Amino acid sequence: MQFATWNVNSLKVRLPQLLEWLAANPEMTAVALQETKLEDSAFPKADLEAAGYHVAFIGQKTYNGVAIVSRAPLDDVVVNIPGFDDEQRRVIAATVNGIRFICAYVVNGQAVSSDKYVYKLRWIKALTDYVAAELKQYPELILAGDYNIAPEDRDVHDPAKWVGEVLVSAPERAAFRQLLALGLIDSFREFEQPEKSFSWWDYRMFAFKRNAGLRIDHLLISKALKDRLKACVIDKEPRKVERPSDHTPVIVTIE
DNA sequence: ATGGCGAGAGAATCTCGA
């Protein structure tokens, strides 16, 4: 089975692309979506269910919004980070085929000097505590999402230009390592990968053509799943179509 | 140094993303 993460940057715009991509990926069990940008009343539940998928979602107007779209039933759905007071809709979790699948849209942070950056670090700490508790209950766990962190310089097209900037700053990278310290594994780095592998490219300046991107979308798996991990790839195809999201899906294959 | 592009809200031109 496969699990994926994809920041769709508006599900309203990207719904046809999502349906096409799911049809083209028949082994896909469940995909975690970020930036749906839809209130729950506007979520395309009927369309997705008519196409044969199970859905769980939590959203808001204009910003944020997360969802899980699955071929398998979704059990024990939990929205947001329990106990963390946050109006922004950024987290949803469900159990899929016995695996706890958590979808997170990590705060962007805007700039290292901003209030949003402070919120970002505080938010990741809350997520880390939440995932630590989830791991105790669900040893088999995947933390999927747009982390808005490029973990290492090799995840950045031009590291020199990005030094100290938001998405690559030392405190953000330290926060990412704190997630790994829970016993999570960056599934992408368990395999040999092409150099300059990225999951996001700016819409501007022909960034995709120039491969001027960042790897900020990740699938962290728990140690209990490591022996069943068979592959992790970035699927660049959806970034090539007309009117794409600026992010492209990342996919793990679990035996 | 700044904006580039795209999406949403809402009705011209903002904010926000990364």
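Sequence lines set the chain letters: A, B, ... in the order given, protein chains first and strands last, and positions in each chain run from 1. The model shown is predicted, which means the values in this text are computed figures rather than measured ones.
Salt bridge present: A:R100 and A:E134 bring a charged side-chain N and a carboxylate O closer than 4.0 Å. Ion pairing between A:E172 and A:K120 holds under the 4.0 Å rule for side-chain N and carboxylate O.
Residues from residues 194-218 of chain A with heavy atoms under 4.0 angstrom of DNA chain B, sorted by number: A:W200, A:Y203, A:R204, A:M205, A:L214, A:I216.
Residue A:D155 forms a salt bridge (Lys or Arg N to Asp or Glu O under 4.0 Å) with just one option from A:R215, A:R173, A:K196, and that option is A:R215.
When the P atom of B:dA7 is taken as reference, atom CG of A:L38 falls 13 Å away, rounded to whole Å. If you take CG of A:N9 and P of B:dG6, they are 11 Å apart, rounded to a whole angstrom. Taking atom NZ of A:K37 as the reference point, atom P of B:dG17 lies 9 Å away to the nearest angstrom.
With 3.5 Å as the limit, one finds no donor-acceptor pair spanning the side chains of A:W201 and A:D246.
A stem is defined here as three or more consecutive Watson-Crick or G-U pairs, each with both distances under 3.5 Å; for DNA chain B these stems are B:5-9 with B:13-17.
B:dG8 and B:dA12 have their C1' atoms separated by 14 Å, with the value rounded to a whole Å.
A distance of 5.5 Å separates CG of A:N9 from CD of A:E35, quoted to the nearest 0.5 Å.
The aromatic rings of A:F43 and A:F57 sit parallel to each other, their planes meeting at less than 30°, with 60° as the upper class boundary.
Checking B:dG17, B:dA7, B:dC16 against every side-chain atom of A:N108, the shortest atom distance belongs to B:dG17. Closest contact between the side chain of A:K61 and the listed nucleotides B:dA9, B:dG8, B:dA18 involves B:dA9.
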